[in-house]
2 protein chains.
Amino acid sequence: MNQKIFVSAKEVADRAGVSRSAVSRTFTPGASVSEETRRRVMEAAEALGYHVNHLARGLMRNESGLVCLIVSEMDTPYRSSLIRAISHQLQAVSKIAMLINTDRSDKSVDDALRLAISYRADASIILSGMPDKSITDLCVKSGQRLVLINRDEEREGALMINLNDREAAHRAFIAFQRAGCRRLAFANSDVGTPSLKAREEGFVAAAIEAGVEVIVERFGPTRYQSGVILAQRLLTREARPDAIFCANDLLACGVMDTARHQFKLTVPDDICVIGFDYIEQCSWSSYDLTTFAQPVDQIAKEAVSWLTHPAKTDSIASQISPELVWRGSVRGG
Amino acid sequence: MNQKIFVSAKEVADRAGVSRSAVSRTFTPGASVSEETRRRVMEAAEALGYHVNHLARGLMRNESGLVCLIVSEMDTPYRSSLIRAISHQLQAVSKIAMLINTDRSDKSVDDALRLAISYRADASIILSGMPDKSITDLCVKSGQRLVLINRDEEREGALMINLNDREAAHRAFIAFQRAGCRRLAFANSDVGTPSLKAREEGFVAAAIEAGVEVIVERFGPTRYQSGVILAQRLLTREARPDAIFCANDLLACGVMDTARHQFKLTVPDDICVIGFDYIEQCSWSSYDLTTFAQPVDQIAKEAVSWLTHPAKTDSIASQISPELVWRGSVRGG
DNA sequence: TTGTAGGCGTTATCAA
DNA sequence: TTGATAACGCCTACAA
């Protein structure tokens, strides 16, 4: 069964009446081959169905063309749009994404990076979790490029792309104030990843600075269902909040639906809501959510261009300020 | 810079005081190595940070461990959940997904398959588009396994997993009839992929058989925005439909939102809606959509288990009947 | 511009 | 159980 019959460069060479090297050169951009030789080689290759063996090529060149994408919960709207953008950018520079599914544990991220090393991946892009320093050091030492997206932790030799979560949270607070909201709340998941924490801290800090109190509620993963629970907890309080900043859009959707359908509240009249991520669903007319836009394409471009450009060896941090997209879930604006 | 310094089996062997073969055997499951040798090798490997080079291993074994996933519009909820399920299943059998982003053209699918051949992928799984027969033949001839999901076209030597779209559409018709709907409509995209066509044809056929007329409207890609347009077209007709079967859930969401917010209709009292796919958003309380569930996990399992098991050489077709998940967008039930 | 020779890191084979 | 040796398919000098 597993008798894979691939045609090798030698066979092409024989058929074209040239040497193996000539075949190799034909498929190496910028190598010196005569027009005539190239033509004959291409003809033979076409006829035989020859394809350069990227495994063998990677072995020689020490460059596999593979880039490892490490993600958990990849079917989440924000994640999947980021994956799409990154894989698109990678293909534009003739690289290809190896997708690795991790659970929330950092151990599984370590394993993923080990796999990346085994496949001699040119780079690894980490969207979820935080690997151990020893393993990232090994990656970097092996010449692998490392990109950490929204990980908010330092790693030597890596590119770190982070959003300015605190500043964004501050702007959310101001938006609520302008809308005349009095009783602010922050709805967070309880997974406690750095960026989620930063959003909460930034929001609370801004409020304290202004002498305003904030209710913070945390529950579950950053999903719709958690938003439902969070809304139930927040909206049954004695002093019902009239503004909720949600750690991400999925939570916001759950919060809005619950506020409307279960508590018969009107958005934005009774309660204002702001989210984070800019997932497509939030533009649907059932939500029309004011939210911070993660610039997915920009993130992908920065990551990939750094992979291809020979950058400095010391680590680089990139700070991006997400744009606040005004829609109908906040009064005024 | 690009000076990748990887530690090889030889270095490990030297440090452990054994031969390269011993190292190789240590990392080959089921090979015969003494406990003592294994221990010393592992120790040296650990100290040096050795990782088996999968590129070289793939070269020898003629088995790369790579499986090519060919998808377009991968950030769509249904697609991303399928990708997640498949990559998860692949990892369970120690394979790894190479993700390839294609646009709608079949040409790019051909290119993707060429890439799969170049990387000596053990298999390719096609979720979008339909490649040329010549290229799939080459894949199969090269010993690559081929899986076509919802492609509805025959390819020699491939596993074809299809949903029974016609039968599902028939059940949708019956559901509407039981709900007492009189004026039926089908909302489709105009991209005309086989499964979308089949759903339309099945629905229309069922209606004709029962002597009922159906309005069919087609527009744009299978996205929310198309649903908005389709609803506008359908709901401004003289004889406004009181039941709409949508080719997929995203269309259904757009249709429902538009019916409610723009036309002030009530679901399911004024109009019943059925979707297709079972994306998470449809369970949100703003939609609560009755829909056909694509058994994503089952599809993934079937695909991956076929890859690993040495199956017959002739092509195999698998027909799956999607379950109708009853929710609040259809009366009665 | 072309061909020859050697090596990349691994595994399979075979003899010890 | 172990070690030497020959592939795997390719690329890169080097010499012609």
Side-chain angles (χ1 to χ4, degrees), chain A residues 2-42 44-45 48-66 117-122 142-143, chain B residues 2-42 44-45 48-66 117-122 142-143:
Chain A
N2 246 4
Q3 47 161 350
K4 305 206 180 186
I5 306 163
F6 287 101
V7 17
S8 73
K10 177 171 165 35
E11 298 172 60
V12 177
D14 288 349
R15 186 183 230 263
V18 296
S19 73
R20 267 154 295 186
S21 338
V23 178
S24 173
R25 280 191 279 261
T26 301
F27 288 97
T28 302
S32 87
V33 207
S34 72
E35 209 44 58
E36 167 62 8
T37 308
R38 147 168 275 118
R39 199 188 50 71
R40 277 166 57 190
V41 168
M42 288 306 272
L48 263 41
Y50 170 75
H51 288 80
V52 177
N53 187 331
H54 276 47
L55 264 37
R57 169 178 279 184
L59 201 55
M60 275 302 300
R61 292 206 182 149
N62 244 334
E63 198 176 330
S64 61
L66 264 21
I117 293 177
S118 288
Y119 275 101
R120 301 304 190 251
D122 298 336
S142 318
Chain B
N2 244 3
Q3 49 162 344
K4 307 205 178 185
I5 306 162
F6 287 101
V7 20
S8 73
K10 179 174 164 33
E11 299 173 59
V12 177
D14 288 349
R15 187 184 231 262
V18 296
S19 71
R20 266 157 292 177
S21 322
V23 178
S24 173
R25 279 191 281 262
T26 301
F27 288 97
T28 302
S32 86
V33 206
S34 73
E35 209 45 58
E36 168 62 9
T37 309
R38 147 166 275 118
R39 198 188 51 72
R40 277 167 55 191
V41 168
M42 288 306 271
L48 264 39
Y50 170 75
H51 288 80
V52 176
N53 187 332
H54 276 48
L55 265 34
R57 169 180 281 181
L59 200 55
M60 272 305 297
R61 290 208 183 145
N62 242 335
E63 198 177 330
S64 62
L66 264 20
I117 293 177
S118 287
Y119 275 101
R120 301 304 189 252
D122 299 335
S142 315

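Proteins get letters first, then strands, A, B, ... in listed order; numbering begins at 1 in each.
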Derivation and outcome, side chain to side chain donor-acceptor pair (under 3.5 Å), residues B:S34 and B:T37: CA-CA 5 Å; B:S34 73; B:T37 309; 2.6 Å; yes
Which is it for A:V18 and A:V23 under the side-chain contact (heavy atoms from CB on, under 4.5 Å) test, yes or no, and what are the steps along the way? CA-CA 8 Å; A:V18 296; A:V23 178; 4.3 Å; yes
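Comment: B:R38 does not engage B:E35 in a salt bridge, judged by the lack of any side-chain N to carboxylate O separation of less than 4.0 angstrom.
In plain terms, the two heavy atoms of A:A16 and A:A44 that are nearest each other are CB-CB, 3.9 Å. Heavy atoms only, all atoms of each residue included: A:R20 and A:K10 are closest at CG-CA, 3.7 Å.
Across the protein-nucleic acid pair, A:I117 atom CD1 and C:dG9 atom P stand 15 Å apart, rounded to whole Å. Atom CG in A:L55 sits roughly 13 Å away from atom P in C:dT11 (whole-Å rounding). Across the protein-nucleic acid pair, B:R25 atom CZ and C:dT13 atom P stand 12 Å apart, rounded to whole Å. Protein atom NE2 of B:H51 is 12 Å distant from nucleotide atom P of C:dT10, rounded to whole Å. For the pair B:R61 CZ and C:dT11 C1', the interatomic distance rounds to 7 Å; values are reported in whole Å.
Counting non-hydrogen atoms under 4.0 angstrom, A:Y50 reaches the backbone sugars and phosphates but no base.
Shown for residues 30-42 of chain A: no residue has heavy atoms falling under 4.0 angstrom of DNA chain D. Non-hydrogen atoms lying under 4.0 Å from DNA chain D are contributed by A:A9, A:S24, all within residues 9-24 of chain A.
Once you apply a 4.0 Å limit to the heavy atoms of chain B, the touched nucleotides of DNA chain D run 5' to 3' over D:dT1 to D:dG9.
Expressed to the nearest 0.5 Å, how far CZ of B:R15 lies from CZ of B:R40 amounts to 12.0 Å.
Within a 6.0 Å sphere centred on CZ of A:R57, heavy atoms belonging to other residues, nucleotides or ligands number more than 12.
A:L55 places a side-chain heavy atom less than 4.5 Å from the side chain of B:S64. For the pair A:Y119 and B:N53, the minimum side-chain heavy-atom distance is 4.5 Å or more. When side chains are defined from C-beta on, B:R120 does not count as touching B:L66, because their heavy atoms never get closer than 4.5 Å.
Taking the ring centroids of B:F27 and B:Y50, they lie under the 6.0 Å cut-off.
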